[in-house]
S.K.: 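The structure follows.
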2 protein chains.
Amino acid sequence: MGFELDNRKKRILQAVIKDYITTAEPVGSRTIARKYGLGVSPATIRNEMADLEEMGFLEQPHTSAGRIPSERGYRYYVDCLMQKEELSFDEEDLIQREYRSKIDDVGQVIHVTGQLLSQLTSYTAVVQKPKIGFSSFKNIQLLEMDKQRAMLVAVMDNGIVQHRMIEVPGSITGNDLAAISAVLNAKLSGFTMESIKNTLIKEIYIELAHYRRTIDLVLDVLRYSLASDNDDKIYLGGLFNILNQPEFQNVEKLKTLMGLLEQEDLLSNLMVADPSNSGVTVRIGGEISYQGMQDCSMVMAIYGVKGQPIGSLGVLGPTRMDYSKVISVVEYMTRKLSFALENLFKGLVDKEVKF
Amino acid sequence: MGFELDNRKKRILQAVIKDYITTAEPVGSRTIARKYGLGVSPATIRNEMADLEEMGFLEQPHTSAGRIPSERGYRYYVDCLMQKEELSFDEEDLIQREYRSKIDDVGQVIHVTGQLLSQLTSYTAVVQKPKIGFSSFKNIQLLEMDKQRAMLVAVMDNGIVQHRMIEVPGSITGNDLAAISAVLNAKLSGFTMESIKNTLIKEIYIELAHYRRTIDLVLDVLRYSLASDNDDKIYLGGLFNILNQPEFQNVEKLKTLMGLLEQEDLLSNLMVADPSNSGVTVRIGGEISYQGMQDCSMVMAIYGVKGQPIGSLGVLGPTRMDYSKVISVVEYMTRKLSFALENLFKGLVDKEVKF
DNA sequence: GTTAGCACTCCCATATATTGAGTGCTAACA
DNA sequence: TGTTAGCACTCAATATATGGGAGTGCTAAC
């Protein structure tokens, strides 16, 4: 692949795509000849473009218009033609500054990352929150709120803090809660949500036989409720950037797209990147198989800690997207995010890493 | 007020407004005569409408069009003509069901409230998160994360849980942190953020003389950082409902409005309801003095606990809004939200209530 | 293989009817 | 004096031509 086209065709295809990305208008042969000096006349370019169309790389909106890239064209561009664009000094500086102050909390880190992704690309950022299943308990506290209720607070090693109010029998005192907390901490800390073994749970039951009902509730909340509260949550940034895209000046289109973006589960599915591809995954137009997203492309990557993937992030924009720019930004930000999260782990003794 | 118009004029004005609210089209004299049987001919209605226009209650988009309500017209309608519309059984039932499961956490309650507000009105919901300054500390924990850092977790009496990672000197151990937590709890619990007195702080310093630097940091975070993290935060629900309003089919308008809604501080200002008005505040068109929101109206109310206001909620929609419906919903939901928060307080001993 | 030339296509912007809902005014009527 | 039928008038919105222009494909010459 990359060899089916001769050099001149490649250069012309590249020119068409670049021009279309910036102008959003069909590109004619004259434009190519003028703006991108290939040393040939418009007529020659016309012939080449006709060939490219026949091969499926270009399309014509109507007979007497210029050409626009087809999805296949974009795909070829992304795979073979495009060259990565480095981030400017100003951009790197901006990222540095934004991150500097906000690296102490997972929520903040995700937020900043989304902001930057959208700001730097002018498209919409989609950032999956880190799956909590992969983090391990650092500290569990059961705190008295009133006679009937206690606040369960779980601090994870990566700085995620989850909490949930639970009902407890009126007979349980603050001291009871402290005792329960102590046992839970002793038994569970260091373990991930998913790796809580039955043997562990049995031990807990034995030590806290008195509080069976409360323990049941707490363990249920810890295992199911808290994880599902956090997992598959998605942060959307720069949603309104869509409004600047000429392809979404039509309110009807906007409505369908917004309707889709409202559904978190759908976005979660969308964000399942190809893990075999260690770098950036690009989905172009119809490669996203959702009704109403055919005009969109998605550039995404998986972030993680210690080689272990814990979420993904991406940028959603029109098919006519500045892939070169976006891919660089996504790549860079993925590294940044992974690094920031890595920092939240720093100082922790090594823990079991499973893939 | 309410007496400047004779009965027939009132009925005609009301008819025009009701019709315009549902159709979004200028209303003609024939329509009024046909749809709202007043027992007079279109010609008579025309005369009356001309009068109403002269008095400033109606406007004409152009000479040969029907009439639309002016802002003054809407104002008169809201103040004198409109009758409240009760919620249907189905609606009350929906609210009941939604609230049932999600009343254990302030965040959830706010979320559900916003969802319902937007769903029931088809406009955009704006819900201020409860000011944390009014809640008091229930429990403060300083938990070891690694050698350099600790997680500060503050549980408030109304169920708000805040946390923040802080740097601590490497010399401080887990036991030190526990000791600090114990003192902080003993001294601060029961007090609101705002009412932490200097005498208290002195006492803390005396008891924890060893940890001066850490204490400084913790108190700073408690007093300034955590509160500002939460206060003036705003939950927006049903943002996309705007897309269904005919007045926002124009993408340019959408862009300005969305741009405004992006700015939380601006929304906070907007949400300052008139506290003298114990019930619902209605801001119509130009009464909202922000460039770009002239076509919008806002219906809002203050919610609170034990007579003490802790935030406000509202609905933002086009000036051509179903005021009758929206006002009922806002009123109802304000009660619901206050009640739900009240529940989060239940069981607590009475605390100082200041206004 | 490349290019100038040219007829052809089709969108788009502009100008030009046509329509129709709605008005204001007048004059007749109760 | 208030109400109403009648009618000419207005003006946005919708269709209907019209011309210009950008761009093409094809042909023939280089």
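From a predicted model like this one, the values you see are computed outputs, not experimental measurements. Quick note on labels: first sequence line is chain A, next is B, and so on, each numbered from 1.
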S.K.: With a 4.0 Å cutoff (strictly under), does any side-chain N or O of A:Arg8 reach OP1 or OP2 of C:dT2?
M.R.: yes
S.K.: Side chain of B:Val40: nearest nucleotide among D:dT4, C:dT3, C:dT2?
M.R.: D:dT4
S.K.: Nearest to the A:Thr63 side chain among C:dT3, C:dC10, C:dT23, which nucleotide is it?
M.R.: C:dC10
S.K.: Would you call B:Arg67-B:Glu59 a salt bridge at under 4.0 Å N-O?
M.R.: no
S.K.: Would you call A:Lys253 and A:Glu247 a salt bridge, using N to O less than 4.0 angstrom?
M.R.: no
S.K.: Go ahead and name the base partner of D:dC11; Watson-Crick or wobble counts if both distances stay under 3.5 Å, otherwise write none.
M.R.: C:dG20
S.K.: Under 3.5 Å for both donor-acceptor distances, Watson-Crick or wobble: does D:dA28 have a partner, and if so which one?
M.R.: C:dT3
S.K.: What's the closest nucleotide to the B:Arg46 side chain, out of C:dC25, C:dT9, D:dT24?
M.R.: C:dC25
S.K.: Strictly by modelled atom types, are A:Tyr123 and A:Asp322 linked by a side-chain donor-acceptor pair under 3.5 Å?
M.R.: no
S.K.: Specify the separation, in whole Å, of atom CD of B:Gln60 and atom P of C:dT23.
M.R.: 7 Å
S.K.: Counting just side-chain N and O atoms, does A:Thr44 come under 4.0 Å of either OP1 or OP2 of C:dT3?
M.R.: yes
S.K.: Can you say whether a donor on the side chain of B:Ser64 sits under 3.5 Å from an acceptor on the base of D:dT10, or the other way round?
M.R.: yes
S.K.: Where the side chain of B:Ala50 is concerned, which of C:dT23, C:dG24, D:dG23 is the nearest nucleotide?
M.R.: C:dG24
S.K.: Compare the minimum distances between each of D:dA5, D:dT3, C:dT3 and the side chain of B:Ala43, then state the nucleotide with the smallest one.
M.R.: D:dA5
S.K.: Out of D:dC11, D:dT4, C:dT3, which nucleotide sits closest to the side chain of A:Asn47?
M.R.: C:dT3
S.K.: On the nucleotide C:dT23, are OP1 or OP2 found under 4.0 Å from the side-chain N or O atoms that B:Ser29 carries?
M.R.: yes
S.K.: Looking only at the side chain of A:Arg67 (C-beta and beyond, no hydrogens), which of the listed nucleotides C:dT23, D:dT24, D:dT4 gets closest?
M.R.: D:dT24
